[in-house]
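Contents: one structure, followed by commentary.
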Protein chains: 2
Amino acid sequence: MNKYIGVLKRTQMFAGVIDDEISSMLSCLGARIKSYKKGEYVLRQGEHLRDIVVLVDGNLHIQKDDYWGNRSILGQIAVGELFGEAYMAPESSALLNDVVAVEDSTVILFDVRRIITTCPSACRFHAMVVQNMFFVISEKNKRLVQKLGHMSKRSTREKLISYLSEEAKKQNNASFTIPFNRQQLADFLSVDRSAMSNELCKMRDDGHLEFDKNQFKLL
Amino acid sequence: MNKYIGVLKRTQMFAGVIDDEISSMLSCLGARIKSYKKGEYVLRQGEHLRDIVVLVDGNLHIQKDDYWGNRSILGQIAVGELFGEAYMAPESSALLNDVVAVEDSTVILFDVRRIITTCPSACRFHAMVVQNMFFVISEKNKRLVQKLGHMSKRSTREKLISYLSEEAKKQNNASFTIPFNRQQLADFLSVDRSAMSNELCKMRDDGHLEFDKNQFKLL
DNA sequence: ACAAATCGGTTGTTTTTACAACAAAAAGGA
DNA sequence: TCCTTTTTGTTGTAAAAACAACCGATTTGT
């Protein structure tokens with residue numbers, strides 16, 4: 001687990017906490033490590049979650065498949081980001097989505113209750129982690145609101161524009177890479193892949209953007 | 001402000017805090033009170049928010065209007081609920097939506113920084129409010145995820161089913177009232193009102209539900 | 001290197017939704 | 001109460017999206 005201290009140090013959750021402190025906090029917070037192969041389920045819809053899941057290597061998707069096999073992707077977790085913040089309240093622990101490793105992945109799990117309850121042994125930085133968590137959850141909420149902003153657009157084209165412009169803004173560059181292939185992007189925006197592909201090409205022909213694979217450039 | 005202590009006491013934010021303590025916390029948390037007439041803007045998109053807004057009377061909608069006048073409703077704030085939790089992180093304070101009073105409303109504002117920073121004078125229940133806020137944000141997060149669940153459905157009918165069943169579940173009754181009229185519900189689900197109205201009537205004719213105004217019953 | 005699987009784009013058809021216009025019913029105000 | 005405004009349902013048409021099927025290119029595994 002110690003080999004990932006460098007990764008943890010750079011997460012928002014542990015912002016301002018030094019290596020030595022992280023190391024001692026691992027036990028204080030009941031940390032455990034787990035690895036998953038590409039395609040494996042990290043968590044399943046309906047499961048009860050009592051941990052905060054921090055991704056230290058790989059790539060996760062939060063998604064849901066309906067009865068007819070339609071998939072919708074709620075979001076993506078990149079290295080350093082975490083999952084499970086929505087299930088910290090004691091009563092609301094039944095997961096609404098699956099969490100799937102889209103690449104070989106490694107996560108570190110922290111016991112939720114140990115995070116929100118400041119420990120008696122009072123490791124110095126516990127209070128800072130609590131405050132960091134506030135900001136992390138707050139950020140997460142904002143991202144969900146942004147996603148709702150994309151989804152509330154009526155046409156496929158508008159959804160694409162909404163999503164791509166925000167991605168450009170987030171990466172602070174008109175050229176940027178998205179973490180999805182076409183099918184995944186369609187599942188993320190809840191539209192049909194072929195229709196979306198069509199629309200992307202039209203937008204390209206209209207001179208609004210250029211793309212190659214998952215690399216885009218807004219014009 | 002003191003006339004609303006009874007309301008505050010029943011909010012999740014102040015769960016477990018007694019009247020006297022709330023009263024003293026009001027100044028500790030830099031509380032201010034504001035009232036709005038029906039139709040007035042409480043907050044506007046792009047504004048910078050440094051407060052948590054608790055609704056103590058009335059009804060608020062969180063919404064956004066685009067250039068062409070299309071409105072989309074992100075959510076509704078009922079008495080006792082709060083707004084602003086997505087903007088607690090110092091860098092993310094630019095509002096993504098308007099907040100509008102859909103009835104005459106009264107809110108109490110709390111300085112965010114005073115909430116997350118435990119005060120030196122250490123009012124006894126401050127720590128409890130901090131923990132409560134964790135749960136509130138977490139709940140909000142869950143609600144956003146649920147809304148994304150509805151929005152990710154491909155057809156108007158499925159969106160309606162998704163929303164209405166959840167509402168029934170939330171109110172723990174097959175008969176329930178929704179906080180929207182038809183146009184508002186359409187704006188909430190991002191569909192056309194007339195098409196939605198049509199679909200609702202078809203669903204009624206198919207024997208799936210009954211409704212009268214904003215009172216629904218699932219069969 | 002080869003076969004198999006995945007991925008992205010294209011096209012035609014069907015289904016669904018948006019849009020516009022209107023009428024009946026209900027609510028609100030003078 | 002009566003008039004005005006708002007709300008809801010209805011219908012027809014136009015536009016858009018979903019669906020299905022296919023192909024070529026790329027990637028992956030052996």
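Here is how names work: the chains are called A, B, and so on, in the same order as the sequence lines, proteins then strands, and each is numbered from 1. A quick note: this is a predicted structure, and the numbers were derived from the prediction, not measured. Values reported hereafter were calculated over all heavy atoms of this structure, with side chains retained and with hydrogens, waters and symmetry mates removed.
The side chain to side chain contact (heavy atoms under 4.5 Å, CB included) test with Asn97(A) is passed by exactly one of Leu43(A), Asp65(A), Ile62(A): Ile62(A).
Comparing Asn198(B) and Gln184(B) against DNA chain D, the residue whose closest nucleotide sits nearer the 5' end is Gln184(B).
Atoms CD (Glu199(A)) and P (dA17(D)) sit 6 Å apart, rounded to a whole Å. In this structure, Leu189(B) atom CG and dA18(C) atom P are separated by 11 Å, rounded to whole Å. Rounded to an integer number of Å, the gap from Asn214(B) CG to dT8(D) P is 8 Å. We find that CG of Asp212(A) is positioned 10 Å from P of dT27(D), with the value rounded to whole Å. A straight line from CE of Met196(A) to C1' of dC19(D) spans 15 Å, rounded to a whole angstrom. To the nearest angstrom, C1' of dT5(D) lies 11 Å from NZ of Lys38(B). When the C1' atom of dG8(C) is taken as reference, atom CZ of Phe216(A) falls 11 Å away, rounded to whole Å. Put simply, CZ on Arg157(B) is 22 Å from P on dA17(D), counting in whole angstrom units.
The shortest distance between the side-chain N/O atoms of Lys213(B) and the OP1/OP2 oxygens of dA27(C) is below 4.0 Å. For Arg154(A) and dT17(C), the shortest distance from a side-chain N or O to OP1 or OP2 is not below 4.0 Å.
Contacts of Ser194(A) with the nucleic acid, taken as non-hydrogen atoms under 4.0 Å apart, include base atoms. Within 4.0 Å of Asn181(A), counting heavy atoms only, lie sugar-phosphate atoms of the nucleic acid but no base atom. Here Ser155(B) lies in heavy-atom contact (under 4.0 Å) with sugar-phosphate atoms only.
Residues Lys38(B) and Glu103(B) are not paired through a salt bridge, judged by the lack of any N-O separation under 4.0 Å between the basic side chain and the carboxylate.
Under 3.5 Å, the side chain of Arg193(A) and the base of dG9(C) form at least one donor-acceptor pair of N or O atoms.
In this structure, OG on Ser152(A) lies 11.5 Å from CG on Leu189(B), to the nearest 0.5 angstrom.
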Stepwise side chain to side chain contact (heavy atoms under 4.5 Å, CB included) check, Met133(A) with Ile52(A): CA-CA 10 Å; Met133(A) 280 302 288; Ile52(A) 290 293; 4.0 Å; yes
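Between Phe180(B) and Tyr163(B), the two ring planes are tilted [angle within 30° to 60°].
Here the nucleotide nearest the side chain of Ser197(A), chosen from dT10(D), dG8(C), dA18(C), is dG8(C).
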